[in-house]
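Worksheet for the structure shown next.
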Amino acid sequence: MSATIISGVEIAKAIREELKGEVAELKEKHGIVPGLVTILVGSDPGSVSYVTAKGKTAHALGLYSEQIDLPAETDEEELLGLIDKYNKDDKIHGILVQLPLPKHINEGRVLYAIDPNKDVDGFHPVNVGKMVLGEQCFLPCTPHGILEMLTRSGIETSGKEVVILGRSNIVGKPMANLMLQKRPAGNATITLCHTRTKDTDFHTKRADILIAAVGVPNLVKADQVKDGVVIIDVGVNRIGMSKSGKAILAGDVEFDSVKEKASFITPVPGGVGPMTITMLMKNTVQSAKQVAGLL
Ligand code: GUN
């Protein structure tokens with residue numbers, strides 16, 4: 001058996017078409033243009049390419065967008081001042097500070113400073129708390145995108161064994177929380193594995209759905225999964241450079257061998273990545289609708 005490839009590119013395209021319509025309607029009926037600002041500190045190549053892609057997508061959907069690129073030496077006070085400015089700017093409905101930040105900046109302080117009503121990343125403790133309680137909030141973009149991929153691919157999650165590799169605040173922890181809730185793409189039984197897990201293979205081998213978010217290229221091999229598993233590969237690992245200077249990417253899962261055992265699998269690139277960016281746009285549109293009193 002060879003797996004059905006879940007195309008994040010195609011699913012993201014469908015969602016972007018829906019969003020384009022919503023953005024046009026917001027503009028025509030309410031005179032509102034959803035606005036997003038991305039703030040990048042430093043020049044990590046992965047972060048630069050993400051932020052650039054976010055700006056391009058925002059533009060393509062008809063959003064207002066600003067992109068702020070700051071040098072790596074920027075001090076925390078300056079960054080906090082900028083966030084304060086955008087918190088008060090009515091043109092801006094979403095503020096995204098690209099992570100990771102340079103070591104001299106306290107990430108927690110920065111994320112706490114963002115107005116929770118403009119926290120389209122869903123990283124502010126107010127939004128994290130609401131998410132855990134199952135209340136209306138901004139869902140973090142990568143887990144949100146994965147929920148959409150599962151739903152739109154018709155993959156049943158209710159009662160399934162979902163094994164997640166990686167306990168990051170951005171993916172692993174929120175993913176576990178969302179999939180155990182009574183919600184679409186939820187109602188699953190969750191196991192979250194991390195660096196101190198005793199026998200990770202024991203868990204991966206019994207997974208109906210395996211979500212890998214550890215940042216280790218090709219970590220998961222075919223002999224670590226069962227036949228028919230659904231694979232969601234969140235890894236975006238730069239393993240080299242092509243002759244034309246483009247990064248060569250690998251996921252956390254060894255795609256070629258694992259796809260022969262899986263029922264569904266997401267590729268890297270073209271899987272989770274495009275979904276993350278699209279959900280950021282969805283959250284920004286949601287924020288503008290909230291301001292307009294439409295939600
Ligand atoms: N770095 C890696 N993923 C993300 C994300 O979803 N949002 C932000 N702000 N930074 C990230």
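Note that ligands are numbered from 1 as they come in the structure, with each ligand's atoms numbered from 1 the same way.
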Return the minimal non-hydrogen interatomic distance between P274 and G8, and the atom names on each side.
-> CB-O, 4.0 Å
Which one of D121, N283, D119 satisfies the side chain to side chain donor-acceptor pair (under 3.5 Å) criterion with N127?
-> D119
Under the side chain to side chain donor-acceptor pair (under 3.5 Å) criterion, do E148 and T151 qualify, and how do the steps go?
-> CA-CA 5 Å; E148 283 286 338; T151 306; 5.8 Å; no
Protein residue, atom and distance nearest to atom 10 (N) of ligand 1, heavy-atom basis = L99 N, 3.0 Å
Relative to the heavy atoms of V97, which atoms of ligand 1 are at a distance of less than 4.0 Å?
-> 8 (C), 9 (N)
Residue and atom name of the nearest protein heavy atom (relative to atom 11 (C) of ligand 1), distance in Å to one decimal | Q98 NE2, 3.4 Å
Answer yes if the side chains of N237 and D252 hold a donor-acceptor pair under 3.5 Å, and no otherwise.
-> yes
In terms of atom number and element, which parts of ligand 1 are under 4.0 angstrom from non-hydrogen atoms of L96?
-> 9 (N)
Identity and distance of the protein heavy atom lying nearest atom 9 (N) of ligand 1 | D121 OD2, 2.6 Å
If you measure from each non-hydrogen atom of L280 to ligand 1, which part falls under 4.0 Å: side chain, backbone, both or neither?
-> neither
Assess the side chains of Q98 and K54: does a donor N or O sit below 3.5 Å from an acceptor N or O?
-> yes
Strictly under 4.0 Å, does any heavy atom of Y50 approach an atom of ligand 1?
-> no
With sequence neighbours left out, the residues meeting side chain to side chain contact (heavy atoms under 4.5 Å, CB included) with I105 are V41, E76, L79, L101, P102, V110
